[in-house]
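Below: one structure, written as structure tokens.
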Amino acid sequence: MGLQLFDSKEQQLRDFVPLKAGVVEMYVCGPTVQSAPHLGHLRSALVYDLLRRWLKATGLEVILVRNVTDIDDKVLVNAGSRDWLEFAREVEQTFIDAYNNLWILEPTHAPHATEHIDDMIALTKKLIDRGHAYQAEDGSANVFFHSASWPSYGELTNQKLENMEGEPESSFGRRSPQDFALFKAHKPEEPESAAWQTPWGLARPGWHIECSAMAKHFLGEAFDIHGGGLDLRFPHHENELAQSRAAGDHFANFWLHNALVTINGSKMSKSSGNGVSVEELLEQGSWAAIRYWLVSAQYRSNLDYTKASIKDAQAALERIVGFIKRVGATGKDVDLTKLPEDFIQAMNADLNTPLALAVLHESVRAGNTAFDNGDSKEVEAQVEAVKAMIHVLGLSKAYQEPEVSKEFKAQIEELIAKRQQAKTAKDFNTADKIRAELEGLGVIIKDLPNETIWSING
RNA sequence: GGUGGAGUGGCUGAGCGGCCCAAAGCAGCAGCCUGCAAAGCUGUAAAACCACGGGUUCAAAUCCCGUCUCCACCUCCA
């Protein structure tokens, strides 16, 4: 059976078939670059990275668009007296760094909202022409989508218009409480650089129109998958869907929503101030361990962060990496035809990564047992399977040599050789001293039967 | 009030009608390895009565009804 994905619009598993044979077009909501990322942001990006890797592994080409919302109320507020765009770029860089460290592949396109204002204006015009949007009745440059004009409004989240609370009726010139902004009129207290000349006056785009416009720009009127965090289902995705459909586009064929990272059972978020930063995480374990942890739950399950989370993940990951190193198979070659059937089925079942990890660990154990028994044929079979699996999960780099300077490497190897000499001479004092010295350099050594291997601490 | 989702061993977390007296990992314990460590490897206990109470079924963690608890979302903002 092929890949099945849970479509949150249909609220069921559906067989995934790309609209165009051989190519998958995905749009994922990226961050609003208002402050540095926390675990929740990382999970979201990672989930779609994982999906992308799996689609590629099954032979499909993937075009992934992940936007950057670089104009937004909070960006302007948090920039304070600084140039807001410069601030936004700086924050964006902290996201890019974190993505890179987590081995999240670069998207095919990573458009900035501010670079697609024309697309947004065009889409908004179309909506006005079709009678689904209007300029604010107070004469300002505010433009709203008229939710009541679109009969299927609410279809994504199965809600009825009358049950939605909405904004106070007259605020900013809207006709009804459930109408949302497509463009927001420039405010005197905001910098002029944060406003654009539109047919309705000086204004900046609302959040929802950005994604509709950029998705259309890069992927056209219909594309395969729209992804994002569960907290974006409403209003953001509901509004995107309404806008794009009202403008005559089919829009996304599948809607995917990843569950949230919680801490003590509650959503991790900026506003509640319980976000766990990258710095705090790295005290618990490596980037690889963080990635492993994020993969250890199925993407639609909440993932609860505790103090031990990353440490546990590190231990589990090292078991896998240890096996590969132990049998000396650290080469980069990977053969995806060696993926076990159970693993493939787990991934095809809406990316059941915990089950996939179980298959992986079973392979590791079988491989280790074979190694102890000197069954080199079995060892080879298992290690190839393991490498293929962790390649798919994006964890391959965990076993590859750390990138250090040649000089440093030579120094380490010399110390290890000296220690070996001391050990052979049964001069254990010297041997222990050297071990301590290596630890001082941040290097942890492990004595294997025939050799000593080392790694960088953390 | 509305809409979705969740409650499984000490912890994380799969399973969603029979293969479940419930995967995998972590932690624990034992053995192996070691100059000693660390790490590693192998094996493994337990009362997981699968939130609680009913029901359907030859068969339920899995389906149905009820109850409790928790989480997310409900529009210029995640």
Which residues share a ring pair (Phe, Tyr, Trp, His ring centres under 6.0 Å) with [X], sequence neighbours left out:
X: F6(A); value: none
X: H112(A); value: none
X: F16(A); value: F254(A)
X: W150(A); value: H132(A)

Secondary-structure stems for RNA chain B, with pairs counted as Watson-Crick or G-U when both distances are under 3.5 Å and runs at least 3 long = B:1-7 with B:68-74, B:10-12 with B:24-26, B:28-32 with B:40-44, B:51-55 with B:63-67
How is K184(A) classified with respect to the nucleic acid when contacts are heavy atoms under 4.0 Å: base, sugar-phosphate, or nothing?
-> base
Give the rounded distance in Å between these two atoms: CZ of F144(A) and P of rC77(B).
-> 10 Å
Which parts of nucleotides 22-32 of chain B does protein reach within less than 4.0 Å, heavy atoms only, written one letter per nucleotide 5' to 3' as B for base, S for sugar-phosphate only and - for none?
-> -BSSS------
My understanding is that only residues two or more places apart in sequence, or in another chain, count here; which of them pass side chain to side chain donor-acceptor pair (under 3.5 Å) with [X]?
X: R130(A); answer: none
X: N158(A); answer: none
X: N368(A); answer: R326(A)

Name the atoms and distances for all side-chain donor-acceptor pairs under 3.5 Å in residues 31-41 of chain A, with sequence neighbours left out.
unit_1 : atom_1 : unit_2  : atom_2 : d
S35(A) : OG     : K270(A) : NZ     : 3.0
H38(A) : ND1    : G40(A)  : N      : 2.9
H41(A) : ND1    : H38(A)  : N      : 3.0

Residue L260(A), side-chain atoms from C-beta onward, closest of rA72(B), rC74(B), rG35(B) | rA72(B)
What nucleotide, of rG40(B), rA78(B), rA14(B), holds the atom closest to the side chain of R326(A)?
-> rG40(B)
Anything under 3.5 Å between a protein N or O and an N or O of nucleotides 2-4 of chain B, put it in a table, one pair a line.
unit_1 : atom_1 : unit_2  : atom_2 : d
rG2(B) : O2'    : N163(A) : ND2    : 3.0
rG2(B) : N2     : Q159(A) : OE1    : 3.3
rU3(B) : O3'    : N158(A) : ND2    : 3.2
rU3(B) : O2'    : T157(A) : O      : 2.8
rG4(B) : OP1    : N158(A) : ND2    : 2.7

Would you say the ring centroid of W196(A) lies under 6.0 angstrom from that of F183(A)?
-> no
Just list the side-chain donor-acceptor pairs under 3.5 Å for residues 381-395 of chain A, sequence neighbours left out, or say none.
unit_1  : atom_1 : unit_2  : atom_2 : d
Q382(A) : OE1    : S363(A) : OG     : 2.6
Q382(A) : NE2    : E378(A) : OE2    : 2.8
E384(A) : OE1    : K338(A) : NZ     : 3.0
K387(A) : NZ     : A329(A) : O      : 2.7
K387(A) : NZ     : G331(A) : O      : 2.7

